[in-house]
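Let me begin by presenting the structure, written as structure tokens, before commenting on it.
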Amino acid sequence: MAGSKMTPDMVDKLLDKLGTDDSFRAHFSKNPAGALHTLGANADFECGDCMSPKNLASKEQLQNSRQKFRDALLGASSHNIFNLES
């Protein structure tokens, strides 16, 4: 369903792929919805700003700050605006 929140499992899969897999990162940069679909998201799934990444954080940044990215994607962050950019 559009506007659905990301599940913890989906967030973990997304961060794993973005933090390690160059092919997935390229796919996500070009087609976030398609990349999320490969992780089990519905075809019309939306996750706000993550659907239009401009410059993804590096794999190292994602790995080093994984918990902060995870908290933000799950809505546990005190920030209202979130994206996966560096």
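Here the CG atom belonging to Leu62 is positioned 9.0 Å from the CD atom belonging to Glu60, to the nearest 0.5 angstrom. Separation of atoms CZ (Phe69) and CG (Leu14) is listed at 10.5 Å; rounding is to 0.5 Å. Expressed to the nearest 0.5 Å, how far CG of Asp12 lies from CG of Leu74 amounts to 7.5 Å. Atom CG in Leu36 sits 7.5 Å away from atom OG1 in Thr38 (nearest 0.5 Å). Between the NZ atom of Lys13 and the OG1 atom of Thr7 there is a distance of 7.5 Å, given to the nearest 0.5 Å.
Looking only at side-chain heavy atoms (C-beta outward), Arg66 and Val11 stay at 4.5 Å or farther from each other.
Across all their heavy atoms, His37 and Ala41 have their closest contact at ND1-O, 3.1 Å. Closest heavy-atom contact between Leu56 and Ser29: CD1-OG, 3.4 Å.
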Please tabulate, one pair per line, all N/O donor-acceptor pairs under 3.5 Å involving side-chain atoms of residues 17-24, not counting sequence neighbours.
from, atom 1, to, atom 2, distance (Å)
Lys17, NZ, Asp21, OD2, 3.3
Thr20, OG1, Asp16, O, 2.7
Asp21, OD1, Ser23, N, 3.0
Asp21, OD1, Phe24, N, 2.9
Asp22, OD1, Lys59, NZ, 2.9
Asp22, OD2, Lys59, NZ, 3.3

